[in-house]
Amino acid sequence: MGLKEELLEYLRNETEKFNIKRPSIGLTANYIADVFKVKRNTISHYLNQLVKEGKALKINTRPVYFLNRAVFESKFYPLPTNILESFQELEDLKPVKEQETDVFDELIGADGSLKKAITQIKASVLYPGGLPIILCGPTGVGKSFTAELIYKYCLEKNILPKNAPFVSFNCAQYANNPELLSSNLFGYVRGAFTGANTTKDGMLAAADGGILFLDEVHRLNAEGQEKLFTLMDQGVYRRMGESDSCHRVNVRLIFATTEELEKNFLKTFLRRIPIRITIPSLDERGEAEKEQFVYMFLINEAKKVHLPIRITNRAMEALTRHRYTGNMGELKNTIKYIVAASLVKSQNLGEVRITIQDLPANIIEDSLNYSDTKLKNSKEIIIDENSTLEKLYELNTSHLKCIKDTYEKILSLFANSKEKGFSPEYFQENLINEVNALLDNLIFNNTQQEQGTMLKLMIANVQEALEYLKKNYGIKFNGNSIYAIAHFLYYKGNNSIHWSKRQEQLINQLIESIKPLYKFEQTLVKYLETILENKVDVKLDKLDKVFLWIYLRNLKVAETPQKIKAVILAHGYATASSIANVVNRLLGKNIFEPFDMPIDISVEEIAAKVLDYIKDTDVSKGLIILVDMGSLKDIYQEFKDQVKGPIAIINNVSTQMALYLGSMLDKELFLEEIVERLKTENQIEYKIIYPKRKKEDVIITSCQTGIGTALQIQKLLEDSIPQELGIKILAHDYNALRESGMNEAIFKVYNVLAIIGTADPGIKEIPYISLEELIAGDSEEKIRKVLKPAVGEEERLSEINKNIVRNCSLERVIDSLTILDCNKILSEVEEFVNQLEVRLKRRISNERKIGLYVHVSCLVERLIRRQPIETYKNINNFEQCQKEMIKIIKESFSVIEQTYSVKINTAEIGYICDFLTAEV
């Protein structure tokens, strides 16, 4: 195949992905020359030959674009020429019947936050005669603009004639004069009131045949609302002062209000308005849409001043992330002010330059809250009169284009898979190939200049996040995976990619199709996103998550955690095998190992087979042997002197018993717990054999609010107590310790030296050391007493104590327990504690304060992760009896709620209350 044929094939593939609104640079001569490693003039020569032959299209923009003509006409529509002067000309040649867009399609958020609202609007407009609509939302969200769009939509769809009126009436102007409001709205007759010298029509008559928009309609008093009843019910009204005649009008009504409906309107009025549409605030619409509004207003300003606007990423970020109480109206005026002020400074530069220093003081001050976490390349954005939202919002960088191209290939692969019935294995293999190809591109095809501080920061934070997942999920990552994920997140950044409606549908179908296959990976990506969002402000789009699911699946990161093993022994040719096969298939896992025992086999022989199995299998967590009738006693005798881990032998095996047991083996239960639960469900006999050796020394870590914190305390202690001492640190469920006490299985398996945690489970036989004591350095004597029998040497005890003091400082503990910035959260919690002391009118002891610092830091992290504790003992009684305390804690906690944009629930308040009441 010659170069010209290769170029035509390349254009074929690229034109398949072509979008008129967002043409790819992959269709320009410069880019194609880079791809083929051939001089640009050579590429241009062959491309122009293809144009002359009618095989390619040429669009004479700057730069010039080339398309495969056959593919374009097959995908879109036929063209009368091979050469066009602009993409606008190309779009103008589109047949009218193909143009199915409407005025709402170009609206920011049409496929996002406003999707439901637009559906409601179209339903009300297309209903015969139309339905009254009320638009709800705070000031500045665009209710008036939406009403005008509804009018334009009616004209566009020929629902209203082209000369139909649109009358806007603001009820707030007459709020203090109901009679004047009524006369303007309905009109009046001569003599209706003093000064009514003539009969005059009102807004209703002016809007006849079109739309009447009543803004701030909550300013209508009850009487004013009642006057609209007849109009909405029958389409007639009376002028003010009339009593014997009615006037018929054909008017579509749109209302708008900033107030709560039920509190400000008559129920009878609201019943007559079937369509209620809420326009969300600017912040509720999400950062992506907010960014588009910033771009849109900047484009408008560029058109007004007739100069390009150059704005830094940092300034753009600050404008996007600031909270505008006046919503779009305030944002628009803010940008107008910034451009006007910057225009004065930049008047001799031929452009308007905007940096972070040119923004209003309140926006600059607000940006300080996240200046250390936001990750963006230090680039500038240039906006001129010809800029479009599409080109600005989807930054045309080579790396982002690579990512988008890969995503498009994944979508194309999915579409082809659906159409041609590719096997799941083929589909999965190709997905992995696309993912790996992109990562290779991002990692190896970059310059040394790109290997800057920001990328190093991303790598460090990804490594930290993956370490967290490793500790909490028992999974393995290598250095390559850290590097790959970091590069992907760095180059993707927070840049959103725009998709067509068809592509959006494919994305949703793809996600629904593969979701069930990637459950574990979904969990990992969810936590990865949460951790990195707090560190470097990473926000993942739908396809970003899919990309990471696929990558993590390919890494095979799921490490099978060590579990209790189970075997079945039964007499008969295939009795054990049959039971094991049925249960394993029903549970979808290979849980049971069967041992069939012929009638003439000796007990010694079958025991030898099981002992061989034990030698080749890690049964340190325990082994459960299900045996048939009569085997228990004999088997028990063979094992009792040869076991290296706890073994439970259970009689009367059945399929039902095995199924119930198998369902428990995935849970974090001790062997003794499993046997006890099995005993309550089945009539069984059993024996538990423990190794004939001294129990291991163990320190238990526990936390009142969950095992996660206990695991992190475990890690701190493991770093403090030398491993060669042979003292294990095990995290254990607080509620299980509290409820079962010394009957809890862990006390039977281990020699428990002490319990260390955030709340005393109340086991008198075992010493308890609070985390607060460790942090405050008040635990030395208790630690010494607990460890002396196991350690003995005074020098080692002093070393351990120094390690604990070093590793269990307040900052170190909070840093290890949470993903939050330690200094910042400590500052916020300190303010919370100060507020508590003021409202409680009493001092909180230093030890209790330390406990609150740790507890509240973990609580804030849970709220940020949207994983609050939902249950609390006797919560209804607590709400009734502790109303004042709940109020005090909630008011004090509001300082943290505002900083981290979280809300505390009653259950979490209950646990804080426990800390405080323990003080008294």
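Source: prediction; values computed, not measured. Hydrogens, waters and symmetry mates play no part in the numbers below; they use all other heavy atoms, side chains included.
Judged as a side chain to side chain contact (heavy atoms under 4.5 Å, CB included), and not counting sequence neighbours, the contacts of Glu765 are Met742, Ile763. With sequence neighbours excluded, the residues satisfying ring pair (Phe, Tyr, Trp, His ring centres under 6.0 Å) with Phe832 are Phe893. Applying the side chain to side chain contact (heavy atoms under 4.5 Å, CB included) test to Ala658 and every residue at least two apart in sequence or in another chain returns Ile568, Ile579, Val583, Phe592, Leu626. For Lys609, the side chain to side chain contact (heavy atoms under 4.5 Å, CB included) partners are Phe595, Ile601, Ile606, not counting sequence neighbours. Shown here are the ring pair (Phe, Tyr, Trp, His ring centres under 6.0 Å) partners of Tyr853, two or more places apart in sequence or in another chain: there are none. Every residue two or more places apart in sequence or in another chain that forms a side chain to side chain contact (heavy atoms under 4.5 Å, CB included) with Thr899 is listed here: Lys824, Glu828.
Electrostatic pairing of Lys728 and Glu718 does not count as a salt bridge here, judged by no charged N lying under 4.0 Å from a carboxylate O. Using a 4.0 Å cut-off between a side-chain N of Lys or Arg and a carboxylate O of Asp or Glu, Arg842 and Glu837 do not qualify as a salt bridge. With respect to Glu529 and Lys545, a salt bridge is recorded, a charged nitrogen being found less than 4.0 Å from a carboxylate O.
Shown here for Val610 and Ile625, the closest heavy-atom pair between the two residues is CG1-CD1, 4.2 Å. Taking every heavy atom of both residues into account, Phe747 and Gly741 meet most closely at CE1-O, 3.2 Å. A pairwise comparison of heavy atoms in Ile756 and Ile783 identifies CD1-CD1, 4.4 Å as the closest pair. Heavy-atom minimum distance, Ala907 versus Ile875: N-CD1, 4.0 Å.
Proximity of a side-chain donor or acceptor of Ser663 to a complementary backbone N or O of Tyr660 within less than 3.5 Å is detected. Remark: side-chain polar atoms of Tyr768 are paired, donor with acceptor, to backbone N or O of Gly757 under 3.5 angstrom. At least one donor-acceptor pair under 3.5 Å links the side chain of Asn905 to the backbone N or O of Glu908. Judged by distance alone, the side chain of Gln522 and the main-chain N or O of Tyr518 form a donor-acceptor pair under 3.5 Å. The main-chain N or O of Asn834 is never found under 3.5 Å from a side-chain atom of Arg839 such that the two would form a donor-acceptor pair. In this structure, the side chain of Gln714 does not engage the main chain of Thr701 through any donor-acceptor pair within 3.5 Å. Side-chain atoms of Glu685 do not come within 3.5 Å of backbone N or O of Ile650 as any donor-acceptor pair.
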Quick one, Ile647 with Leu671, criterion side chain to side chain contact (heavy atoms under 4.5 Å, CB included). Give me CA distance, side-chain angles, the key distance, then yes/no.
CA-CA 8 Å; Ile647 295 181; Leu671 180 140; over 6 Å; no

What verdict does the side chain to side chain contact (heavy atoms under 4.5 Å, CB included) test give for Cys913 and Ile889, after you've listed the backbone C-alpha separation in whole Å, the side-chain angles of each residue and the deciding distance to 0.1 Å?
CA-CA 8 Å; Cys913 186; Ile889 293 173; 4.1 Å; yes

Could you check Thr758 against His855 for side chain to side chain contact (heavy atoms under 4.5 Å, CB included), going step by step and ending with a plain yes or no?
CA-CA 8 Å; Thr758 58; His855 177 83; over 6 Å; no

Evaluate Glu593 against Lys565 for salt bridge (Lys or Arg N to Asp or Glu O under 4.0 Å), listing each step before the verdict.
CA-CA 9 Å; Glu593 187 77 18; Lys565 300 297 191 296; over 6 Å; no

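For the 3.5 Å distance criterion, the side chains of Tyr734 and Glu739 fail to qualify, holding no donor opposite an acceptor. If you check the side chains of Ser770 and Glu773, you find a donor sitting under 3.5 Å from an acceptor.
If you take CG on Leu659 and CD1 on Ile591, they are separated by 9.0 Å, rounding to the nearest 0.5 Å.
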